[in-house]
Amino acid sequence: MSINVIIMPNYLVIGGISSGKSSFAEQIVKDVCKVNKNSKIYYLATAPITDDEMYEKIKIHQDRRPKDWTTIEEQIDIVSRIMEIEESNIIVLIECLTTWLSNLIFHKADLDYNTEKLINFLATNTDATIILVTNDLGESVISANKETREFQKHNGKLNQDTAKICDSVYKVTAGIGIRIK
């Protein structure tokens, strides 16, 4: 006798800075909840408060979130934090991969290990619907700064690897999401 294992869907929402990608991803969460009313929602926030401007941006995101969403703050080991959740049939919105990548670099964490861990988790996940938000840095100009170019390269590779295994990928521009996969 074989058992049908249903792998939970993964969504990737990609866009430029202030493109509306976060609001679009939050709407995906709400739409998934309409279909699966028993899901518990987790918002995994990766952004540290680094200055007043970042504090204000984080506050806007917090104020916009429904109160019944559980917030998890994690800058580095996002996969372990998701795996600590004891329920199944959950929805996890990860905000955002680009900030997470920046955290990995800042804290000198192993990029290859951590990104591979995320990709493997997404490919084998059976307990959660995962919605990932990320920045598209590939449409910006080529920086004169070597570190910036290196970051853009890592971000682009992470986005490509994530998009390959996600069931749905949306590009958001001016608040409008277009499904590209």
**Q** For Cys96, give me all partners under side chain to side chain contact (heavy atoms under 4.5 Å, CB included), at least two apart in sequence or on another chain.
**A** Thr98, Thr99, Val133
**Q** Flag yes if Phe106 and Phe151 sit in one hydrophobic cluster, no otherwise; membership is Ile, Leu, Val, Met, Phe, Trp, Tyr, and two members link when side-chain heavy atoms are under 4.5 Å apart.
**A** no
**Q** Answer yes or no: is there a side-chain heavy-atom contact under 4.5 Å between Tyr55 and Thr50?
**A** no
**Q** Would you give the length of the straight line joining atom OG of Ser19 to atom CD1 of Ile176, rounded to the nearest 0.5 angstrom?
**A** 11.0 Å
**Q** What I'd like to find out is whether the side chain of Glu87 reaches to under 4.5 Å of the side chain of Tyr42, using heavy atoms alone.
**A** yes
**Q** For Glu116, does the CD atom have more than 12 heavy-atom neighbours from other residues, nucleotides or ligands under 6.0 Å away?
**A** no
**Q** Step by step, work out the side-chain hydrogen bond (donor to acceptor under 3.5 Å, both in side chains) result for Lys117 and Ser80.
**A** CA-CA 9 Å; Lys117 184 177 180 180; Ser80 291; 3.0 Å; yes
**Q** Between Asp110 and Asp112, is there a donor-acceptor pair closer than 3.5 Å when you use the side chain of the first and the backbone of the second?
**A** yes
**Q** Taking all non-hydrogen atoms of both residues into account, name the closest pair between Tyr43 and Glu95 and its distance.
**A** OH-CG, 3.0 Å
**Q** Please step through side-chain contact (heavy atoms from CB on, under 4.5 Å) for the pair Phe121 and Ile130, ending with a clear verdict.
**A** CA-CA 10 Å; Phe121 169 75; Ile130 307 290; 4.1 Å; yes
**Q** Taking all non-hydrogen atoms of both residues, which atom of Ile91 and which atom of Ser39 are closest, and how far apart?
**A** CD1-CB, 3.6 Å
**Q** Would you mind reporting whether Lys34 and Asp31 have side-chain heavy atoms less than 4.5 Å apart?
**A** yes
**Q** Shortest non-hydrogen contact from Ser168 to Arg179?
**A** OG-NH2, 3.0 Å
**Q** So that I can tick it off, tell me whether Arg81 and Asp77 are bridged by a salt bridge, with the cut-off set at under 4.0 angstrom between side-chain N and carboxylate O.
**A** no
**Q** Taking only Lys NZ, Arg NE, NH1 and NH2, and the carboxylate oxygens of Asp or Glu, determine whether Glu26 and Arg64 approach each other closer than 4.0 Å.
**A** yes
**Q** Side-chain contact test, heavy atoms from C-beta onward, threshold under 4.5 Å: evaluate it for Arg149 versus Lys146 and give yes or no.
**A** yes
**Q** If you compare all heavy atoms of Lys171 against all heavy atoms of Gly15, which two are closest, and at what distance to 0.1 Å?
**A** NZ-CA, 4.5 Å
**Q** For atom CE of Met54, decide whether the heavy atoms of other residues, nucleotides or ligands shown that lie under 6.0 angstrom number more than 12.
**A** yes
**Q** Does a side-chain heavy-atom distance below 4.5 Å link Tyr11 with Val32?
**A** yes
**Q** Between Leu132 and Val172, is there a shared hydrophobic cluster once you connect ILVMFWY residues whose side-chain heavy atoms come closer than 4.5 Å?
**A** no
**Q** Is the number of heavy atoms from other residues, nucleotides or ligands under 6.0 Å of Glu53 CD greater than 12?
**A** no
**Q** Please say which of Asn125, Leu122, Asn120, Leu118 ends up in a side-chain contact (heavy atoms from CB on, under 4.5 Å) with Ile165.
**A** Leu122
**Q** For a side-chain contact (heavy atoms from CB on, under 4.5 Å) with Leu101, tell me which candidate from Asn159, Leu111, Thr46 qualifies.
**A** Leu111
**Q** Minimum heavy-atom separation for Thr134 to Lys21, with atom names?
**A** O-CD, 3.3 Å
**Q** Return yes if some donor-acceptor pair links the side-chain N/O of Asp127 with the main-chain N/O of Asn89 below 3.5 Å, else return no.
**A** no
**Q** Heavy-atom count around Asp52 CG within 6.0 Å, excluding the residue itself: above 12?
**A** no
**Q** State, yes or no, whether a side-chain contact exists between Trp69 and Leu93 at a heavy-atom distance under 4.5 Å.
**A** yes
**Q** Mind checking the CZ-OG1 spacing from Arg65 to Thr70? Nearest 0.5 Å is all I need.
**A** 10.5 Å
**Q** Is there a path of hydrophobic side-chain contacts, each under 4.5 Å between heavy atoms of I, L, V, M, F, W or Y residues, that connects Trp100 with Leu137?
**A** yes
**Q** Provide the closest heavy-atom pair for Ala163 versus Lys181 in the form atom of the first, atom of the second, distance.
**A** O-NZ, 2.7 Å
**Q** Ile41 and Ile90: side-chain contact (heavy atoms from CB on, under 4.5 Å), yes or no, with the steps?
**A** CA-CA 6 Å; Ile41 302 165; Ile90 59 173; over 6 Å; no
**Q** Decide yes or no on side-chain contact (heavy atoms from CB on, under 4.5 Å) for Val13 and Val169, but give the supporting numbers first.
**A** CA-CA 6 Å; Val13 178; Val169 178; over 6 Å; no
**Q** Enter the distance from Ile131:CD1 to Leu44:CG here, rounded to the nearest 0.5 Å.
**A** 12.0 Å
**Q** If you apply the rule side-chain contact (heavy atoms from CB on, under 4.5 Å), what do you find for Leu158 with His154, and how did you get there?
**A** CA-CA 6 Å; Leu158 176 60; His154 287 299; over 6 Å; no
**Q** Establish whether Ile58 and Ile94 are linked, either directly or via other cluster members, by ILVMFWY side-chain heavy-atom contacts under 4.5 Å.
**A** no
**Q** Any side-chain to backbone donor/acceptor pair from Asn155 onto Asn135? Under 3.5 Å, distance only.
**A** yes
**Q** Return the OG to CD distance between Ser102 and Gln75, rounded to the nearest 0.5 Å.
**A** 9.0 Å
**Q** Is there a side-chain contact between Thr162 and Leu97, using heavy atoms and a 4.5 Å cut-off?
**A** yes
**Q** Please list, chain by chain and in numerical order, all residues satisfying side chain to side chain donor-acceptor pair (under 3.5 Å) with Lys153, sequence neighbours excluded.
**A** Glu150
**Q** Any side-chain heavy-atom pair from Asn103 and Ile105 closer than 4.5 angstrom?
**A** no
**Q** Rounded to the nearest 0.5 Å, how far does OG of Ser23 lie from CD1 of Ile28?
**A** 11.5 Å
**Q** Between atom CG of Asn36 and atom CG of Asn38, what is the distance when rounded to the nearest 0.5 Å?
**A** 6.0 Å
